[in-house]
Amino acid sequence: MSGGGRTSEAFLWDLLIIGHTQSLTMNSVAAALLVWILTSPSSSDHGREKGWPTHMACSSGGLEVVYQSCDPFQDFGLSIDQCSKQIQPNLNIRFGIILREDIRKLFLDIAFVAKGSSLLNYSYPLCEEDQPKFSFCGRRKGEQIYYAGPVNNPGLDVPQGEYQLLLELYNENHATVACANATVTCS
């Protein structure tokens, strides 16, 4: 229900009646439609989850990785090709995002947590001014990054259990470029 106890259907009916009895300009119709969209229950926060949806990065071979963006302003896409308990040294991923910040320098921080205890904290420079490692280094705010390719890692066997990962990409000004809370489940 919108303000004053009226339903959105009653508001639309009144709008139709007004349209038949008065000459409406395109601006007044657009304004009325916008008010209806913003006040209708389906567009309000009632009954909706807070934050971004949970995405599946991979699920097969006894390993499942799901993530949710922890950046309040934007979501991003990530998928992992070879999903297995035995993580291969050259893991292929796909990652896509529209930049809200310039990235002359880009850093990745990873925090690995199991049962409330920190197991690993890792920081790695992805882009440095004198040594850009990836083609997207140097991109500017508003540009799109789409990376599909290998990510070098030591290769490891994931032990059985559930683990939390906090992944954060940030630039030289410590502004968040992307952030994710991930859950890794190995059965």
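Index from 1, following the sequence. A quick note: this is a predicted structure, and the numbers were derived from the prediction, not measured.
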Close side-chain approach of Leu166 to Cys70, heavy-atom, < 4.5 Å:
yes
Report yes or no: does Glu168 contribute a side-chain atom to a donor-acceptor pair with the main-chain N or O of Ile110 at less than 3.5 Å?
no
Quick one: do Phe107 and Val177 end up in the same hydrophobic cluster if we chain Ile, Leu, Val, Met, Phe, Trp and Tyr together by side-chain heavy atoms under 4.5 Å apart?
no
Hey, any chance Tyr170 and Tyr147 share a hydrophobic cluster, counting ILVMFWY side chains that come within less than 4.5 Å of each other, even indirectly?
no
Can you label the angle between the Tyr67 ring and the His55 ring as parallel, tilted or perpendicular, going by 30° and 60°?
tilted
Is it true that Glu128 and Lys105 make a salt bridge, defined as a side-chain N closer than 4.0 Å to a carboxylate O?
no
Work out which heavy atom in Ser59 is nearest to a heavy atom in Cys83; give both atom names and the distance.
N-SG, 3.5 Å
Applying a strict under-4.5 Å side-chain criterion to I, L, V, M, F, W and Y, I'd like to know whether Ile87 and Leu119 cluster together.
yes
Quick one, Asn181 and Gln164 - any side-chain contact, counting heavy atoms below 4.5 Å?
no
Are there more than 12 heavy atoms of other residues, nucleotides or ligands under 6.0 Å from atom CD1 of Ile98?
no
Are side-chain heavy atoms of Phe76 and Leu78 found at a separation under 4.5 Å?
yes
Any donor-acceptor pair under 3.5 Å linking the side chain of Asn171 with the backbone of Asp102?
yes
Start with the C-alpha distance between Lys85 and Asp157, add both sets of side-chain angles, then the distance that settles side chain to side chain contact (heavy atoms under 4.5 Å, CB included), and finish with yes or no.
CA-CA 6 Å; Lys85 291 189 239 183; Asp157 291 338; over 6 Å; no
What is the distance from atom CZ of Arg100 to atom NZ of Lys141, rounded to the nearest 0.5 Å?
8.5 Å
I'd like to know if the side chain of Asp71 reaches the main chain of Phe73, judged simply by a donor and an acceptor atom lying under 3.5 Å from each other, with no hydrogens or angles considered.
yes
Evaluate the criterion side chain to side chain contact (heavy atoms under 4.5 Å, CB included) for residue pair Gln82 and Asn92; output intermediate values, then yes/no.
CA-CA 7 Å; Gln82 302 98 356; Asn92 285 322; 3.1 Å; yes
Under a single-linkage definition using a 4.5 Å side-chain heavy-atom cutoff for Ile, Leu, Val, Met, Phe, Trp and Tyr, are Val151 and Ile97 assigned to the same hydrophobic cluster?
yes
So does Ala178 get a backbone contact from the side chain of Thr176, meaning a donor-acceptor N/O pair under 3.5 Å?
no
Measuring only between side-chain heavy atoms, which start at C-beta, is Val65 closer than 4.5 Å to Thr183?
no
As an exercise, state the distance from OG of Ser187 to CD of Glu64, rounded to the nearest 0.5 Å.
8.5 Å
Check for a donor-acceptor pair, side chain of Ser69 on one end and backbone N or O of Trp52 on the other, with a separation under 3.5 Å.
no
Nearest-0.5 Å distance, SG of residue Cys179 to CD of residue Gln74:
11.0 Å
Return the CD1 to SG distance between Ile93 and Cys58, rounded to the nearest 0.5 Å.
11.5 Å
Please tell me if the side chains of Ile103 and Leu169 come closer than 4.5 Å, counting only heavy atoms from C-beta onward.
no
Would you please test Tyr163 and Phe112 for ring-ring contact (aromatic ring centres under 6.0 Å, His included) and show each step?
CA-CA 7 Å; Tyr163 308 96; Phe112 189 62; 5.3 Å; yes
Atom pair CG/CG of Leu126 and Leu106 - distance to nearest 0.5 Å
5.0 Å
Given Leu63, which of Thr185, Val184, Ile80 fulfils the side-chain contact (heavy atoms from CB on, under 4.5 Å) condition?
Val184
Without swapping roles, check the side chain of Gln88 against the backbone of Gln86 for a donor-acceptor pair under 3.5 Å.
yes
Check for a donor-acceptor pair, side chain of Glu129 on one end and backbone N or O of Arg104 on the other, with a separation under 3.5 Å.
no
If hydrophobic clusters are built from ILVMFWY residues whose side chains come within less than 4.5 Å, do Leu167 and Leu91 share one?
yes
Counting only N and O atoms by type, is there a donor-acceptor contact under 3.5 Å from the side chain of Arg139 to the main-chain atoms of Leu99?
no
Would you compute the distance between atom OH of Tyr146 and atom OG of Ser135 and round it to the nearest 0.5 angstrom?
11.5 Å
I need the minimum non-hydrogen distance between Arg94 and Ala148, along with the two atoms involved.
CG-CB, 3.7 Å
Let me see the working for Phe95 and Phe136 under ring-ring contact (aromatic ring centres under 6.0 Å, His included), right down to the final yes or no.
CA-CA 11 Å; Phe95 174 79; Phe136 54 77; 7.5 Å; no
Less than 4.5 Å apart, any side-chain heavy atom of Asp109 and any of Tyr122?
no
